[in-house]
Amino acid sequence: MSLKLNIHLQKGDFTLQADLELPGDRLVAISGPSGCGKSTLVRAIAGLERAEGNQVSFNDNIWQKDGFWQPPHLRGVAMVFQKPALFTHLNVEKNLRYGWKRRDNNRPGLSIHEAAELLEITGMLKRDTFSLSGGEAQRVAIARALVSNPSLLIMDEPLSALDEQSKQKILPYLEQIHRSLQLPVLYISHALEELARLADHILLMENGTVLHSAPAQIILSDPECGLALHRHAQTIFEGEILSYDPASEICTLNTEAGKLYLTSDPIMDGIKVRVRIKARDISISLHQLEDTSVLNFLPATVKSITSIPGGQCLVSLEAGDAPLLSRISRHSAQRLKLRRGLKVFAQIKSAALLGGTR
Amino acid sequence: MHLSPEDLEALVLTFRLAVWVTVLLLLLCTPLAWWLSRTQCRIRSVIEALSSMPLVLPPTVLGFYLLLLMGPHGPLGKLFIVLGGEPPTFRFTGLVIGSLFYSFPFVLLPLQNAFSAIGSLPLEAAATLRAGPLDRLFSVVLPLARPGFLTASVMGFAHTLGEFGVVLMIGGNIQGQTRVASIAIFDHVECLDYNRAHTLAGILVSISFCLLLMVNRINQTANREMT
């Protein structure tokens, strides 16, 4: 399962150059500064931009090669744009029906009813599109894309035109889609929170070229990549719930980095979750402390120390097989004499762990 | 108010002309307006200027050139003769051809504006929902451009109703064949028969007013739906 690209596209002064292979079965996030060519790249994949000589293939389907070019409506790529792009001459239900009537029947897919339930728009089906708020309209656009049963879903900054409140409302729907549907997604965003919550794989771009392409867990915590320098930089791991103690409201998680204790609402054993830890919520000690409120101590090895402005440094750690990123003061790093290869303990407050069931 | 049989005949002829011209112009202008609304081609501005000429030219000038073009010695007149017919001047066919030119911009411009206003986003959304080009035309473009089509039809129709100069130059004033309402009015005034002129003029005024009122209503509802 993979998306193979060899794209060279000239638009005025701007050149997009991408020669790479991406996983074709998971959520690949594409990030980078405005004007770096993210949109042009996905538009070329969807067939909305065309340049001779490009090569695009998705799993077993060749979409462009040599003289062959498959028009967008035959690619089975559904696209959600920054603006909802609903058809204003149709009401909400007829917008969904538009996608559903043209769906791919060869694979199982969502019905209009199921998609409306998933995005909680069932109550709006009879409404006209111009009566919807920005967030509601975008949920309808996402549902419309899902019912067309696409082989690949492209979302081009679907939340960027929305206010903060609407974003926070839609993100859980996107997480739900990501974990409940086996649907490959290309997701453009430059919001760190969206990347950390949704991405399985991240592609970083700049000036029309690809800077990095790697699993999200690695890119998010790699000080060499820009995302680790972000104020809210965070490490993610996948974990499984081992047990839940109702008295203390703490669940025990098994992750690649070791066992973690996390305050949480009641949750079933065996559920897979994505845990996110902000770099500034991880502190470092040389010994396992006894009389502390901190519950999580992960044995870890120092991989690198990177100085950053503001008297701070990023310490890249490895706990088990998982990377961890800690942001501490440069003064503390010197006091502890941190160096590459040193065995330390990463301390994480339970309350600092951000969970997301999946 | 009394409408004589000759005046009724003039009115019927005017309506027949307006219907023919509106239908033919919609067929001609739809593809051209679509192309003009999408192309970046440099000859676009030339075509736009040419098609707007009837807006500024005196109808007599337009009529004069059409007379030369369609007369027995003009290229179009000769073509008709070669095909086994008569030159279209001073006949209904001539009126239709002349009016096509005369009313052209009144149909083309509303259509072009309507197509431009759709933008590329709904079409791209439709394409990524597996709608092919023809499917997109019928399921997205035509419904979204509906107010534009109504405006274009009404403007083309109403403008053809009021035609005078071009008709006079290429059609003369033959009762039952080329005497349209506006020319009949002119005749009545020449003969100082103001009553009959009033009747015909009043009918044209009311029809034009109702049509334009309809266009405004349509545009208002369309605008409300857009916002």
Side-chain angles (χ1 to χ4, degrees), chain A residues 39 42-43 45-50 70-91 94-106 109 128-131 137-138 140-156 161 186, chain B residues 26 30 33-35 37-42 44 110-154 214-215 217-227:
Chain A
S39 288
V42 296
R43 288 174 61 83
I45 294 168
L48 299 175
E49 298 277 349
R50 183 175 180 176
Q70 189 152 49
H73 66 280
L74 299 176
R75 295 190 181 194
V77 175
M79 189 135 169
V80 174
F81 302 84
Q82 204 169 338
K83 289 189 199 150
L86 297 180
F87 302 124
T88 50
H89 61 293
L90 303 175
N91 70 10
K94 286 180 178 155
N95 264 279
L96 298 187
R97 201 164 287 282
Y98 192 99
W100 188 76
K101 266 200 324 216
R102 294 163 177 80
R103 74 197 180 279
D104 180 0
N105 250 332
N106 296 322
D128 280 321
T129 55
F130 48 86
S131 72
Q138 199 58 295
V140 174
I142 294 167
R144 184 180 66 178
L146 291 178
V147 291
S148 79
N149 203 9
S151 54
L152 171 68
L153 175 64
I154 295 181
M155 302 178 113
D156 186 355
L186 289 181
Chain B
L26 284 175
T30 303
W34 177 256
W35 180 74
S37 72
R38 302 283 129 171
T39 186
Q40 304 290 332
C41 187
R42 235 179 287 162
R44 188 182 101 171
L111 289 181
Q112 193 185 333
N113 290 339
F115 291 149
S116 303
I118 294 174
S120 53
L121 195 57
L123 294 169
E124 291 185 344
T128 61
L129 293 167
R130 296 198 179 86
L134 210 59
D135 187 355
R136 297 200 285 274
L137 175 70
F138 286 104
S139 64
V140 180
V141 176
L142 294 185
L144 283 177
R146 203 184 51 148
F149 274 96
L150 285 169
T151 308
S153 311
V154 170
M214 201 171 94
V215 170
R217 283 280 163 80
I218 293 163
N219 284 343
Q220 272 169 17
T221 10
N223 284 340
R224 223 186 15 250
E225 284 176 19
M226 291 293 175
T227 48

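Just so we're on the same page: letters track the sequence lines, and every chain starts at 1. All values below come from the heavy atoms of this structure, side chains included, with hydrogens, waters and symmetry mates left out.
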Contacting region of [X] [heavy-atom separation from chain B under 4.5 Å]:
X	value
R43(A)	side chain
P71(A)	neither
D128(A)	neither

Quick check: do [X] and [Y] have side-chain heavy atoms less than 4.5 Å from each other?
X	Y	result
W100(A)	L129(B)	no
V80(A)	T128(B)	no
S139(B)	H89(A)	no

Legend entry - Neighbour count above 12 (heavy atom, 6.0 Å) for R102(A) CZ: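 Correct, the count exceeds 12.
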Inset, instruction - Count the heavy atoms belonging to other residues, nucleotides or ligands that lie under 6.0 Å from CZ of R50(A), then report whether that count exceeds 12. - result: yes
Legend entry - All salt bridge (charged side-chain N to carboxylate O under 4.0 Å, His left out) counterparts of R44(B), not counting sequence neighbours: E48(B)
Legend entry - Rounded distance [0.5 Å steps], CG in D135(B) versus NE2 in H73(A): 8.5 Å
Inset, instruction - Would you check if the side chain of R130(B) reaches a backbone N or O of S148(A) as a donor-acceptor pair within less than 3.5 Å? - result: yes
Legend entry - For the student: nearest non-hydrogen atoms of Y98(A) and A126(B), plus distance: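 That would be OH-CB, 3.6 Å.
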Legend entry - Greatest number of heavy atom pairs closer than 4.5 Å to chain A - which of A131(B), P143(B), G119(B):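 Counting heavy-atom pairs under 4.5 Å, the top option is A131(B).
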Inset, instruction - Tell me, please, which residues at least two apart from V154(B) pass side-chain contact (heavy atoms from CB on, under 4.5 Å). - result: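 For V154(B) the side-chain contact (heavy atoms from CB on, under 4.5 Å) partners, ignoring immediate neighbours, are L211(B), M214(B), V215(B).
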